[in-house]
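Comments concern the structure below.
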Amino acid sequence: MKILVLNCGSSSIKYQFIDTHEKVTLAKGQVERIGMSSAVLTHQPHGKEKIRIVGEILDHTIAIEYVIAVLLSPNHGVIKDKNEIEAVGHRVVHGGETFSGSVLITNQVMSALKENIELAPLHNPPNIKGIEAAKKHLPNTPQCGVFDTSFHSKMPPKAYLYGIPYELYKKYKIRRYGFHGTSHRYVALRAAEMLNKPYEKLKIITAHLGNGCSMAAIDQGISVDTTMGFTPLEGLIMGTRSGDMDPSVILYVMGKEGLTLSEANTLMNKHSGLIGLSGESSDMREIEEAVEQNVKRAKNAFEVFCYRIKKYVGAYTAAMGGLDALVFTGGIGENSCKVRKLVCDNMNYLGIELDDSLNENVKGETLISTNKSKVAVLRIPTNEELVIALDTEQIVLEQRKSTGEVKFN
Ligand code: ADP
């Protein structure tokens, strides 16, 4: 099935047009600076040169019109008719407690999505705009929502409840939700396939380390704990986010510096993490360069980053009562052998033994632990778009079956 996968942010839309049968991305690209006169559309058809178009794109509806137009373009396109887009899969950040799996988007689903806006005020509104825009241009094409949160929806209360008055959970749904679910699910499943072992029998820790970072403890196929919480701020040190800390710190700083709520929010989300600690960059490549040059603050940032991950490896091994596989993914997880090395250093007592040579020479999906290592350590490039496309395909096929609809191509 040919599926358009959309990831809509407030001023950008990333897209991939995927053939699920061949598991190949026929074209991919993004529209940036939506709402500005100098918006940019970058488009890359499979095996061809990337093209760049600059123009005025005032909103998501126009942006998606451009995306469809470029997919249809005689020179750079990959389809001849809009109907070749058989379904649209949308990445939706927050499904709250309502969505424990991917869904076909109906009017009822749209209402529920709108009810969840309060939980993700920055992310869900552009996701909703993207769905509405896609519906406008492709009114007869099924649309599905795949949530970042839903893979973690089976976490037990002991993992998702905070130690605050229970009434606050009941009243405002304040609990841990977790994010990056599609990525954690994808790499955990791939790990089981690579190890040729049943997914339902494995205890896996996945570390998605990108600009945003999170880890998940996946016991017998179920995410039983994850580091991100009510919002994607909790847990690991990230490019610009603080991760875990004593909540009193923020109250204290707000008092001392006279910060408003919004300023405090910006401090924690945009000026903390690697950039805050190092004062250099939020980009791990630049942090590593500064470490090479012995810049003390960059060294601190690098060590705090890796130490936090190491602590969670220990914590999640304890939570699951054992560990079979540790998976690294995301821009940092896939590319930084130094991060992987420091995280796994001195973990023999847990059965983790990295093979330095394999770790330094990774390519594609690679097992990077030694033959003796009880725990398999793997580097697996993530593919969230493929998960969204495959979920969408499954939902559409089920819907066709249940409505008795037969499609002739
Ligand atoms: P996002 O979370 O926005 O999808 P990515 O998964 O692309 O981000 O990850 C971005 C991070 O990956 C950045 O910190 C970047 O520095 C890091 N990264 C990319 N390539 C390398 C590399 N070769 N070595 C170390 N870090 C890298």
Side-chain angles (χ1 to χ4, degrees), residues 5-16 25 28-32 42 44 91 93 120 122-123 126-127 146 148 178-187 190 206-216 226-228 231-243 269-293 295 298-299 301-306 308-309 327-344 359-366 368 379-388:
V5 175
L6 294 176
N7 179 355
C8 299
S10 57
S11 65
S12 74
I13 295 179
K14 289 188 187 140
Y15 65 91
Q16 284 201 18
T25 299
K28 64 179 178 185
Q30 57 181 331
V31 187
E32 290 165 287
T42 341
Q44 182 158 31
R91 174 193 181 205
V93 170
L122 296 180
H123 294 101
N127 297 160
V146 179
D148 274 23
F179 299 86
H180 289 144
T182 41
S183 177
H184 289 296
R185 175 158 59 111
Y186 175 77
V187 297
R190 283 298 304 141
T206 48
H208 176 108
L209 312 174
N211 282 314
C213 302
S214 71
M215 290 167 70
T226 188
T227 55
M228 282 179 169
T231 73
L233 182 58
E234 193 180 346
L236 303 179
I237 300 282
M238 308 178 214
T240 61
R241 293 176 228 159
S242 65
N269 279 287
K270 303 261 185 232
H271 303 305
S272 299
L274 291 177
I275 181 84
L277 278 166
S278 70
E280 294 272 331
S281 173
S282 63
D283 190 302
M284 185 52 88
R285 284 165 292 203
E286 288 173 23
I287 297 288
E288 288 187 0
E289 270 170 40
V291 171
E292 288 287 307
Q293 286 152 24
V295 179
K299 252 175 131 174
F302 185 78
E303 284 172 9
V304 176
F305 182 88
C306 296
R308 183 77 52 89
I309 301 167
V327 186
F328 289 95
T329 192
I332 300 171
E334 290 164 29
N335 297 305
S336 174
C337 57
K338 291 183 181 143
V339 167
R340 293 191 298 259
K341 165 104 178 124
L342 193 53
V343 170
C344 296
N359 182 44
E360 283 161 25
N361 298 295
V362 288
K363 213 170 139 203
E365 295 177 336
T366 324
I368 53 175
R379 179 253 196 194
I380 303 182
T382 194
N383 195 342
E384 293 166 272
E385 291 78 12
L386 180 64
V387 177
I388 296 174

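Just follow the structure's listing: the first ligand is 1, and inside any ligand the first atom is 1.
- Between the side chains of E288 and S336, at least one donor N or O lies within less than 3.5 Å of an accepting N or O.
- Considering all non-hydrogen atoms of both residues, V93 and N127 come closest at N-OD1, 2.9 Å.
- The single protein non-hydrogen atom nearest to atom 6 (O) of ligand 1 is G331 N, 2.9 Å, given as residue, atom name and distance.
- Nearest-residue assignment for atom 19 (C) of ligand 1 (options R285, E289, E286, H208; heavy-atom criterion): R285.
- Among protein heavy atoms, the minimum distance from atom 17 (C) of ligand 1 is reached at I332 CG1, 3.6 Å.
- Under the 4.0 angstrom criterion, atom 4 (O) of ligand 1 counts as lacking any protein heavy-atom contact.
- For ligand 1, the polar-atom distance check against G210 finds no nitrogen or oxygen pair separated by under 3.5 Å.
- Looking only at heavy atoms of the protein, atom 14 (O) of ligand 1 is closest to M284 N, 3.1 Å.
- Taking every heavy atom of G212 and a limit of under 4.0 angstrom, the matching atoms of ligand 1 come to 2 (O).
- Protein heavy atom closest to atom 22 (C) of ligand 1, with residue, atom name and distance, is N335 CB, 3.3 Å.
- Results of the side-chain contact (heavy atoms from CB on, under 4.5 Å) test with M284 over N211, L209, L274 single out L274 as the only residue that passes.
- Below 3.5 Å of separation, one finds an N or O of N211 facing an N or O of ligand 1.
- Nearest to atom 16 (O) of ligand 1 among the protein's heavy atoms is D283 OD1, 2.4 Å.
- The shortest side-chain heavy-atom distance between T329 and Y186 does not fall under the 4.5 Å cut-off.
- Less than 4.0 angstrom separates some heavy atom of S336 from each of these atoms of ligand 1: 25 (C).
- Without hydrogens or angle criteria, R340 side chain to G333 main chain gives a donor-acceptor distance under 3.5 Å.
- One N or O on the side chain of T240 and one on the backbone of N269 form a donor-acceptor pair closer than 3.5 Å.
- Of the listed residues (T226, I309, T206), just one forms a side-chain contact (heavy atoms from CB on, under 4.5 Å) with M215, and that residue is I309.
- In this model, a donor atom of one side chain and an acceptor atom of the other lie less than 3.5 Å apart for H184 and S214.
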